[in-house]
Amino acid sequence: MTTDKLKKGSLLIAEPSIIGDVSFNRSVILLADYNEEGSIGFIINKPLKYTINDLIPEIHARFKIYNGGPVEQDNLYFIHNIPDLIPNSIEISNGIYWGGDFEFTKELINQGAISNENIRFFLGYTGWHEKQLESEMENNSWIITTNTYENKIIGKSATHFWKEQLIELGGDYIIWSNAPENPYLN
């Protein structure tokens, strides 16, 4: 399941050794862009207490908002699996798309044409400048895996996603999957 190559659409699973980092402890990140200039991703398993209606009252839906990462947390981003409905989307990989015409997206949500199985919203994103992610990989901060869920990852429950990923990795990771979030409090 693990791979050696960073690429768009891969999942980055936080190593259990990332402790005390509010953003990245027990995070799973969908890598939305990766190139020689840097990388962008969205933390897909950290729901916030807000819904889309809390942030944009004219949207009549209760879709959860996720903490996408520590960069530009005052901006709203979204990924989806319905490029035929949302114009100007950018493909990440495996039928997952980033952004698109937001005004049109709001209308589609209000018409009931988009469900929470189709779209996920984020405040902020995770970003790395040139070679920063590679450096973090060398320091064993992340495990790279293939997104075997493909575009169905959008509707995947976030509750135990990090733990599920560690169990799939097997070996010593199974032990870490049951460790308390802060082992110093154990």
Side-chain angles (χ1 to χ4, degrees), residues 6-14 22-24 26-129 132-133 142 144-162 164-165:
L6 289 164
K7 62 183 178 180
K8 286 172 51 168
S10 296
L11 297 179
L12 300 177
I13 302 168
V22 175
S23 293
F24 299 120
R26 296 181 179 228
S27 291
V28 179
I29 297 174
L30 174 67
L31 199 56
D33 195 13
Y34 176 77
N35 59 55
E36 55 278 342
E37 296 172 18
S39 307
I40 295 174
F42 298 103
I43 301 171
I44 59 173
N45 67 321
K46 301 259 178 156
L48 297 169
K49 61 182 178 180
Y50 311 108
T51 68
I52 191 68
N53 179 256
D54 294 330
L55 300 180
I56 304 173
E58 63 267 20
I59 296 180
H60 308 293
R62 306 290 299 164
F63 301 155
K64 289 181 185 177
I65 303 292
Y66 289 77
N67 175 3
V71 182
E72 294 187 13
Q73 287 200 319
D74 54 345
N75 287 329
L76 186 68
Y77 300 90
F78 64 99
I79 60 172
H80 60 87
N81 57 15
I82 46 174
D84 295 342
L85 293 180
I86 301 176
N88 304 318
S89 304
I90 299 167
E91 185 169 23
I92 295 171
S93 72
N94 297 318
I96 303 171
Y97 292 78
W98 176 9
D101 185 323
F102 188 66
E103 292 303 314
F104 194 65
T105 302
K106 289 192 314 189
E107 290 176 31
L108 289 171
I109 292 171
N110 285 337
Q111 294 168 5
I114 298 176
S115 77
N116 61 357
E117 300 289 318
N118 303 124
I119 197 164
R120 188 167 286 195
F121 291 96
F122 305 92
L123 280 178
Y125 67 90
T126 301
W128 296 269
H129 60 74
Q132 181 183 4
L133 182 54
W142 304 102
I144 308 168
T145 66
T146 301
N147 174 13
T148 58
Y149 304 96
E150 298 182 346
N151 68 4
K152 291 179 179 47
I153 198 166
I154 292 170
K156 183 89 174 109
S157 172
T159 307
H160 300 289
F161 196 56
W162 180 81
E164 291 168 7
Q165 293 300 297

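In this text, all values refer to a predicted model and were calculated from it rather than measured experimentally.
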Do the side chains of [Y] and [X] get nearer than 4.5 Å, heavy atoms only?
| X | Y | value |
| --- | --- | --- |
| Pro83 | Glu91 | no |
| Ile86 | Phe104 | no |
| Arg62 | Asp54 | yes |
| Leu31 | Ile144 | no |
| Ile56 | Phe102 | yes |
| Val71 | Ile40 | no |
| Ile65 | Leu76 | yes |
| Asn94 | Ile153 | no |

Gap separating the [atom1] atom of [X] from the [atom2] atom of [Y], nearest 0.5 angstrom:
| X | Y | atom1 | atom2 | value |
| --- | --- | --- | --- | --- |
| Ile43 | Thr126 | CD1 | OG1 | 4.0 Å |
| Leu11 | Thr145 | CG | OG1 | 4.0 Å |
| Phe42 | Leu30 | CZ | CG | 8.0 Å |
| Tyr125 | Asp33 | OH | CG | 11.0 Å |
| Glu107 | Ile114 | CD | CD1 | 10.5 Å |
| Asp84 | Ser89 | CG | OG | 9.0 Å |

> Taking the six-membered ring for Trp, are Phe121 and Phe78 parallel (under 30°), tilted (30 to 60°) or perpendicular (over 60°)?
Replying inline: tilted

Mind listing the closest non-hydrogen atom pair of [X] and [Y] along with its distance?
| X | Y | value |
| --- | --- | --- |
| Tyr34 | Ser39 | CD1-OG, 3.0 Å |
| Ala61 | Ile109 | CB-CG2, 3.5 Å |
| Asn53 | His60 | ND2-CA, 4.3 Å |
| Phe24 | Ala14 | O-CB, 3.2 Å |

> Hey, mind stepping through Thr105 and Ile119 against side chain to side chain contact (heavy atoms under 4.5 Å, CB included) and telling me if it holds?
Replying inline: CA-CA 10 Å; Thr105 302; Ile119 197 164; 3.8 Å; yes

Any donor-acceptor pair under 3.5 Å from [X] side chain to [Y] backbone:
| X | Y | answer |
| --- | --- | --- |
| His80 | Ile96 | no |
| Asn116 | Lys64 | no |
| Asn45 | Arg26 | yes |
| Asn75 | Gly124 | no |

>> Check for me whether the distance between the ring centres of Phe161 and Tyr149 falls short of 6.0 Å.
In response: yes

>> Applying the side chain to side chain contact (heavy atoms under 4.5 Å, CB included) criterion to Phe122, which one of Ile79, Asn67, Leu48 satisfies it?
In response: Ile79

> Per the salt bridge (Lys or Arg N to Asp or Glu O under 4.0 Å) rule, which among Glu164, Glu117, Glu150 passes with Lys156?
Replying inline: Glu164

> Have Asn81 and Asn118 got a donor and an acceptor in their side chains that come within less than 3.5 Å?
Replying inline: yes

>> On the six-membered ring of Tyr66, is Arg120 placed so that its NZ or CZ lies under 6.0 angstrom from the centre and within 45° of the ring axis?
In response: yes

